[in-house]
Student: 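The following block contains the structure, expressed as structure tokens.
Each residue takes its place number in the sequence, starting with 1.
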Amino acid sequence: PARLLLMQHDRKLHLWRLGATKGETAAVLRHEPSPVLEIQAAKGELIVCSALSPDGKFLAYATGGELRVFEVEMEGEDEEEDEVGREGGGRVELQRRKPAALQRAGVGKGVTALTFSPDSKTLVLGTGAGRVLRLRLDLPAAVVEEARDDATSAGAEGRGVVRLSCSQDGRSVAVGRWNGEVEIYSVPAIEGKKKKKKAAEEEEGRREELALSWRLPRLDSAPTALAYHPEADVLVVACVSNRFYLFDTDAQQLTEWSKDFGHRLPKELLDRHDCVLGVCFNPESSNALILHGFGFVCYVDLDRPMGRHVQLLPRTHPAALAQREGIRKRNPPWVAAMKQKKQKRKEEGKKGEEVEGGMLPAAEAAAAAQGGIEAAPTANGGGRRRTRGESIAEEEEMREQLAAAAAATAETARLARRPAHVEEKEEAWNFKLHLGYQGVLAVQALGPDEVLVVEEPWIKIVSKLPDVLHRQRY
């Protein structure tokens with residue numbers, strides 16, 4: 001994928017070229033991101049939605065009055081990163097494409113959602129009236145419109161499209177609507193002699209209908225983000241409640257992970273006031289899911305079992321400090337020492353019962369038979385015979401127990417200072433919630449173990465506010 005970033009504002013679009021990093025783990029750039037392109041909307045119009053193809057060759061955006069599709073050509077895009085420099089690598093040319101099939105379909109106004117397929121050959125768009133269309137960019141003009149469903153006119157107002165996601169092969173489209181419904185549409189498969197006829201019809205720009213393959217069951221709240229798994233037919237749906245679900249679109253059911261852990265999501269995520277706005281995957285580990293909201297980035301490892309706690313980052317954040325303090329109160333250092341003392345008294349009680357019942361250890365009986373006996377005073381004035389070797393062994397055992405108790409107390413105190421590792425099994429965190437970001441605008445995976453986070457600090461937002469209308473003076 002191209003190392004480009006498209007940022008949408010109310011009346012303009014910014015296209016940025018991202019710099020390469022130095023080293024493998026450190027997020028140090030060879031040069032700062034450079035602006036490549038700026039597009040201004042027509043006077044008086046607001047940009048509703050926009051999208052950039054994964055290969056950076058196509059750009060599309062929609063206002064309230066029209067839909068525009070451009071082919072992007074950048075000089076120097078094949079050069080090395082160091083040669084490109086900070087100025088973006090030369091001139092950028094935009095060539096507008098006006099597919100006649102879109103005009104015949106009556107599409108132009110009311111577009112509310114846009115997305116490109118992973119192979120950059122298809123543009124999928126949704127409208128406020130609930131229509132879903134598929135534009136093939138590798139052909140002169142070919143549009144596929146969604147199948148007509150049984151939606152009543154009374155509920156048509158809530159069927160506007162708000163979210164779109166395209167599968168890896170481009171043959172399935174997930175659609176999220178205003179009324180909270182999520183639907184899966186698929187492109188009918190054409191086999192045999194029909195392929196040639198199909199190609200001829202596409203060249204002519206004829207429309208075909210997408211087939212509605214599955215309507216997902218009603219979720220607990222409206223969807224806020226949709227994303228397909230990069231290697232499997234699995235759809236991730238995040239909702240306003242911050243719950244997220246994994247659906248197997250082939251089997252048309254929840255995945256095993258959602259069945260087992262979907263109802264046990266951590267409260268640190270569910271109780272946040274800002275909802276999930278986007279979902280992406282780590283190309284290096286396809287089961288590493290990344291969720292983000294306005295004030296957090298959450299890393300979920302789907303290969304690990306659900307833990308008892310969420311790892312809050314950075315460790316100096318007030319929420320992380322409060323979490324450690326709460327765990328420390330629930331697991332104070334003296335609890336382990338008390339448990340060890342209780343267990344020791346229980347073992348000593350069992351030994352005393354054995355002695356009173358006349359049971360002697362085998363070593364003591366053998367020593368008594370040899371005659372090397374030492375008398376130990378008892379409560380009734382008599383004596384219990386004990387060998388000198390046994391006395392030395394008991395002293396050694398006592399010293400070992402005291403040393404073990406001291407080591408356990410020290411280890412408990414150390415773990416209390418680092419409650420993220422109270423138990424060994426809890427070191428395998430499958431939820432990591434990073435709260436160090438504020439004003440997160442976008443999160444996207446650029447490559448293996450490489451994620452881009454774009455944030456706008458609050459101080460920048462405050463600087464853009466208009467002058468105050470009234471200031472109270474005391």
Student: If you round to the nearest 0.5 Å, how far is CG of Leu123 from CZ of Arg134?
Tutor: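 Rounded to the nearest 0.5 Å, the CZ-CG separation comes to 10.5 Å.
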Student: Would you please name every residue forming a ring pair (Phe, Tyr, Trp, His ring centres under 6.0 Å) with Tyr61, sequence neighbours left out?
Tutor: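 In terms of ring pair (Phe, Tyr, Trp, His ring centres under 6.0 Å), with neighbours along the sequence ignored, Tyr61 is linked to no residue.
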Student: Does Arg11 reach the side chain of Leu46, with side-chain heavy atoms less than 4.5 Å apart?
Tutor: yes
Student: Check whether any side-chain N or O of Arg177 sits under 3.5 Å from a backbone N or O of Gly130 as a donor-acceptor pair, and report yes or no.
Tutor: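 Present.
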Student: Does CD1 in Ile459 sit with more than 12 non-hydrogen atoms of other residues, nucleotides or ligands closer than 6.0 Å?
Tutor: no
Student: Work out which heavy atom in Cys166 is nearest to a heavy atom in Phe116; give both atom names and the distance.
Tutor: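 The pair with the smallest heavy-atom distance is CB-O, 4.2 Å.
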Student: Nearest 0.5 Å, please: how far is CG in Leu135 from OG1 in Thr122?
Tutor: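 With rounding to 0.5 Å, OG1 (Thr122) is 8.0 Å from CG (Leu135).
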Student: Does Asp449 form a side-chain hydrogen bond (donor to acceptor under 3.5 Å, both in side chains) with Asn282? I'd like the steps, not just the answer.
Tutor: CA-CA 6 Å; Asp449 294 331; Asn282 181 7; 2.8 Å; yes
Student: Show your working on side chain to side chain contact (heavy atoms under 4.5 Å, CB included) between Leu4 and Met74 and close with a plain yes or no.
Tutor: CA-CA 11 Å; Leu4 298 172; Met74 290 186 291; 3.5 Å; yes
Student: If we only count heavy atoms from C-beta on, is the Pro230 to Gln168 side-chain gap below 4.5 Å?
Tutor: yes
Student: Do the side chains of Val300 and Phe244 get nearer than 4.5 Å, heavy atoms only?
Tutor: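 Answer yes - side chains close enough.
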Student: Using a 3.5 Å distance criterion without hydrogens, assess whether the side chain of His229 forms a donor-acceptor pair with backbone atoms of Ser286.
Tutor: yes
Student: Does any N or O in the side chain of Gln8 come within less than 3.5 Å of the main-chain N or O of Ser50, such that one atom is a donor and the other an acceptor?
Tutor: yes
Student: Would you say the side chain of Glu38 lies within less than 4.5 Å of the side chain of Gln40, judging by non-hydrogen atoms?
Tutor: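 Answer yes - side chains close enough.
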Student: Fit a plane to each ring of His14 and Trp16, take the angle between them on a 0 to 90° scale, and name the class: parallel (under 30°), tilted (30 to 60°) or perpendicular (over 60°).
Tutor: perpendicular
Student: Can you measure from CD1 (Ile47) to CG (Leu13) and round to the nearest 0.5 angstrom?
Tutor: 3.5 Å
Student: Drop me the distance from Leu5's CG to Leu441's CG, to the nearest 0.5 angstrom.
Tutor: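 The CG atom of Leu5 sits 9.5 Å away from the CG atom of Leu441.
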Student: Say whether, by atom type as modelled, one donor and one acceptor occur between the side chain of Ser172 and the main chain of Ser167 under 3.5 angstrom.
Tutor: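 Side chain of Ser172 to backbone of Ser167, a donor-acceptor pair under 3.5 Å: no, none is there.
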Student: Evaluate the criterion side chain to side chain contact (heavy atoms under 4.5 Å, CB included) for residue pair Leu216 and Glu181; output intermediate values, then yes/no.
Tutor: CA-CA 7 Å; Leu216 273 62; Glu181 293 182 351; over 6 Å; no
Student: Report the distance from atom CZ of Arg171 to atom OG of Ser117, rounding to the nearest 0.5 Å.
Tutor: 11.0 Å
Student: So, the side chain of Asp55 versus the backbone of Ser120: is there a donor-acceptor pair under 3.5 Å, distance only?
Tutor: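 A pair under 3.5 Å: no.
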Student: Can you find a pair of side-chain heavy atoms, one from Ile39 and one from Leu59, that are under 4.5 Å apart?
Tutor: yes
Student: Just so I know, are the side chains of Thr255 and Leu302 near enough to count as touching, which here means a heavy-atom distance under 4.5 Å?
Tutor: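 Of all side-chain heavy-atom pairs linking Leu302 with Thr255, none is under 4.5 Å.
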Student: Around atom NZ of Lys109, are there more than 12 heavy atoms from other residues, nucleotides or ligands closer than 6.0 Å?
Tutor: no
Student: Taking all non-hydrogen atoms of both residues, which atom of Leu52 and which atom of Phe58 are closest, and how far apart?
Tutor: CD1-O, 3.3 Å
Student: Locate the shortest heavy-atom distance separating Ala113 from Val161; write the atom from each residue and the value.
Tutor: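 Heavy atoms of Ala113 and Val161 come nearest at CB-CG1, 4.0 Å.
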Student: Verify, without hydrogens or angle tests, whether Ser213 (side chain) and Ile184 (backbone) share a donor-acceptor contact under 3.5 angstrom.
Tutor: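 Indeed, once roles are kept as given, a pair shorter than 3.5 Å links the two residues.
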Student: At their closest point, which heavy atom of Ala445 faces which heavy atom of Pro283, and how far apart are they?
Tutor: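 Nearest heavy atoms, Ala445 then Pro283: CB-CD, 3.9 Å.
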Student: Closest approach of Val72 and Gly56, non-hydrogen atoms and distance?
Tutor: CB-O, 3.7 Å
Student: Within the distance-only criterion (no hydrogens, no angle test), does the side chain of Ser241 pair as donor or acceptor with the backbone N or O of Ser221 below 3.5 angstrom?
Tutor: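 No, because the side chain of Ser241 does not come within donor-acceptor range (under 3.5 Å) of the backbone of Ser221.
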Student: Does any part of the side chain of Val236, heavy atoms only, come nearer than 4.5 Å to the side chain of Phe281, both counted from C-beta?
Tutor: yes
Student: So, are Arg96 and Glu66 salt-bridged, with charged N and O less than 4.0 Å apart?
Tutor: yes
Student: With distance as the sole test, does Thr115 use its side chain to make a donor-acceptor pair with the main-chain N or O of Ser165 at under 3.5 Å?
Tutor: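 Checked: no pair found.
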Student: Is there a donor-acceptor pair under 3.5 Å between the side chain of Asn287 and the backbone N or O of Asp301?
Tutor: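 Such a contact is absent between Asn287 side chain and Asp301 backbone.
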Student: Taking atom CZ as the centre, does Phe261 end up with more than 12 heavy-atom neighbours from other residues, nucleotides or ligands that are less than 6.0 angstrom away?
Tutor: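 More than 12 within 6.0 Å, yes.
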Student: Under 4.5 Å between any side-chain heavy atoms of Val175 and Leu164, yes or no?
Tutor: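 In short, these two side chains touch, coming nearer than 4.5 Å.
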Student: Please assess Leu67 against Leu114 for the test side chain to side chain contact (heavy atoms under 4.5 Å, CB included), listing each intermediate value before the final yes or no.
Tutor: CA-CA 10 Å; Leu67 168 67; Leu114 293 168; 4.0 Å; yes
Student: Main chain of Arg17, side chain of Arg3: is a donor-acceptor contact present, judged purely on distance under 3.5 Å?
Tutor: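 Not a single qualifying donor-acceptor pair exists.
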Student: Checking Arg243 against Asp220 for the side chain to side chain contact (heavy atoms under 4.5 Å, CB included) test, could you report, in this order, the C-alpha distance in whole Å, the side-chain angles of both residues, the deciding distance, and whether it holds?
Tutor: CA-CA 8 Å; Arg243 293 187 178 276; Asp220 65 287; 4.1 Å; yes
Student: Could you report the tightest heavy-atom contact between Val48 and Thr63, atom names first, then the distance?
Tutor: CG2-C, 3.9 Å
Student: Would you kindly say whether Tyr228 and Asp169 are connected by a side-chain donor-acceptor distance under 3.5 Å?
Tutor: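 On atom types as modelled, these side chains do not qualify, holding no pair under 3.5 Å.
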Student: Please round to the nearest 0.5 Å and tell me the distance separating atom CZ of Phe296 and atom CD of Gln438.
Tutor: 11.0 Å
